[in-house]
Amino acid sequence: MEEKGCKREEVISFLSGYRAEDLHHDHILSSMCTIPHEIAVSVHQMFSGTNLGDPGLFPGTTKIEDLLVHSLGELMHHPGAGGYATSGGTESNLQAIRIAKKLKPESKKPNIVVPASAHFSFDKTCDILGLEMRIAPYGENYRVNCEKMAEMVDKNTISIVGIAGTTEYGMIDDVRRIGKIALENDIFCHVDAAFGGMVIPFLPDPAPFDFEVPGVSSISLDPHKMGLSTIPCGCLLLRKPEQFGTLNVDTPYLTVKKECTLAGTRPGADVAGAYAVIKLLGREGFRDIVAGCMENTRRLVEGMEAFGYKRAVNPIMNVATFSDGRIPEGWMVSHTRAGHLRFVLMPHVTRDVVENFLSDMAAIQ
Ligand SMILES: Cc1ncc(COP(=O)(O)O)c(C=O)c1O
């Protein structure tokens, strides 16, 4: 830090130089985040000084968090779900598994069984919590093989996990079957819908993946992905709100005396922004957004197949994957662990962006 500060314009100009180095969204085809909705940005600023970590100081903002949790609980077919706004899917997954561990203290060598598609946040979770991570292999179409998953469960298993909207292929595991395995073995069942939670309910014929499925104990879903909120906004929901109590610690010097969240200080700005988007768009608005993303996904698949790139799976969501091949310079596309080209058709990947990409593809054929 320098001794003397500088003028406001200088600071802004200095930072603008760095911001200019960032890639433009109109060339980012690999991200599960997007340009936040205009209302989320305005509201974010309005709530920028709020701290959900000390609810007695910000009772209004705390009510907005409750409204967000209630709306998302309703969307997940359980208006009575408990929950709180996390920093994203990683924290939600970690906290869900922490709860599962607390609920089974008798397990001396605890393990969790996750699909091969599991996001790397489960590696972090197992490392932090000292758990064995058992990886159930893929069955068809990059969805978990539930028979194998069931075989991997033993008396030390504290949770099984299903993914609704896999990071790499946008697939949905057979959550009905996974929930059944959980009930048969009397274990916790976490559904990672960090991406799919705000896509699947808005598809014309949504696969069952949420609290509608008996046996599902908790769900991660991220407004900062398809919910068009500002970053960082995730949400962890629990079928039985009282289970959050397993994580409580005493917080003697705050306005509340107990806390179950991972972070202490927590932003209210993104949470208010996320709720604003939900309130503004309603289910109808989200259905339109998802329909647009799906239409663009179909157009991309059609265009890529015309160039001879074979689809890896039929997209169910706005994720498209293909056999590997050349990509025009300047475009950000990622690869799956199995080596397929991977595109995420987020709302910022508009029809124009897709057409621009395909015309650059045509130029390199
Ligand atoms: C299915 C899934 N779970 C969890 C995460 C982690 O979310 P975050 O990066 O918000 O922590 C991601 C990120 O893409 C994801 O796709």
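Ligands are counted one by one from 1 in listed order, and the atoms in each one are counted from 1 as well. Along the sequence shown, the residues carry numbers beginning at 1.
- For Lys225, a nitrogen or oxygen atom sits less than 3.5 Å from a nitrogen or oxygen atom of ligand 1, counting backbone and side chain alike.
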task = Carefully, step by step, assess Arg287 and Glu284 under the rule salt bridge (Lys or Arg N to Asp or Glu O under 4.0 Å).
result = CA-CA 5 Å; Arg287 235 175 262 130; Glu284 225 174 47; 5.7 Å; no
request  = Step by step, work out the side-chain hydrogen bond (donor to acceptor under 3.5 Å, both in side chains) result for Ser220 and His190.
outcome  = CA-CA 8 Å; Ser220 303; His190 177 61; 3.0 Å; yes
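- When each atom of ligand 1 is checked for a heavy atom of Gly165 under 4.0 Å away, the hits are 1 (C).
- At under 3.5 Å, a nitrogen or oxygen of Gly89, whether backbone or side chain, sits near a nitrogen or oxygen of ligand 1.
- Residue-to-ligand polar distances keep Glu91 apart from ligand 1: every N/O pair is separated by 3.5 Å or more.
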query = Between Asp210 and His78, does a side-chain hydrogen bond (donor to acceptor under 3.5 Å, both in side chains) hold up when you go through it step by step?
reply = CA-CA 9 Å; Asp210 59 19; His78 183 29; over 6 Å; no
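- Counting only heavy atoms from C-beta outward, the side chains of Thr167 and Arg342 approach each other to under 4.5 Å.
- In the hydrophobic clustering of this structure, Ile289 groups with Leu75; members are Ile, Leu, Val, Met, Phe, Trp, Tyr whose side-chain heavy atoms approach within less than 4.5 Å, directly or through other members.
- The protein non-hydrogen atom at the shortest distance from atom 3 (N) of ligand 1 is Asp192 OD2, 2.6 Å.
- Contact atoms of ligand 1 toward Ala194: 2 (C), 3 (N), 4 (C) (distance under 4.0 Å to a heavy atom of the residue).
- Chaining together hydrophobic side chains whose heavy atoms lie under 4.5 Å apart places Met332 alongside Leu23, Ile28.
- The shortest contact between atom 16 (O) of ligand 1 and any protein heavy atom is with Thr167 OG1, 2.8 Å.
- The shortest heavy-atom distance from Gly234 to ligand 1 is not under 4.0 Å.
- Listed by atom number, the atoms of ligand 1 under 4.0 Å from Asp222 heavy atoms are 7 (O), 10 (O).
- Here the closest heavy-atom approach between residue Pro115 and residue Asp173 is recorded as CG-OD2, 3.3 Å.
- In terms of protein heavy atoms, atom 6 (C) of ligand 1 is closest to His119 CE1, 3.2 Å.
- Ring geometry, Tyr169 versus His340: the interplanar angle exceeds 60°, so the pair is classed perpendicular (tilted spans 30 to 60°).
- Residue Thr166 places no N or O, backbone or side chain, under 3.5 Å from any N or O of ligand 1.
- Among protein heavy atoms, the minimum distance from atom 11 (O) of ligand 1 is reached at Thr90 OG1, 2.5 Å.
- Across Leu29 and Trp331, no two heavy atoms sit closer than the pair CD1-CE3, 3.6 Å.
- Considering both main-chain and side-chain atoms, His224 comes within under 3.5 Å of ligand 1 through a nitrogen or oxygen pair.
- Which parts of ligand 1 touch Met32 is read off a 4.0 Å heavy-atom cut-off, strictly below it: atoms 14 (O), 16 (O).
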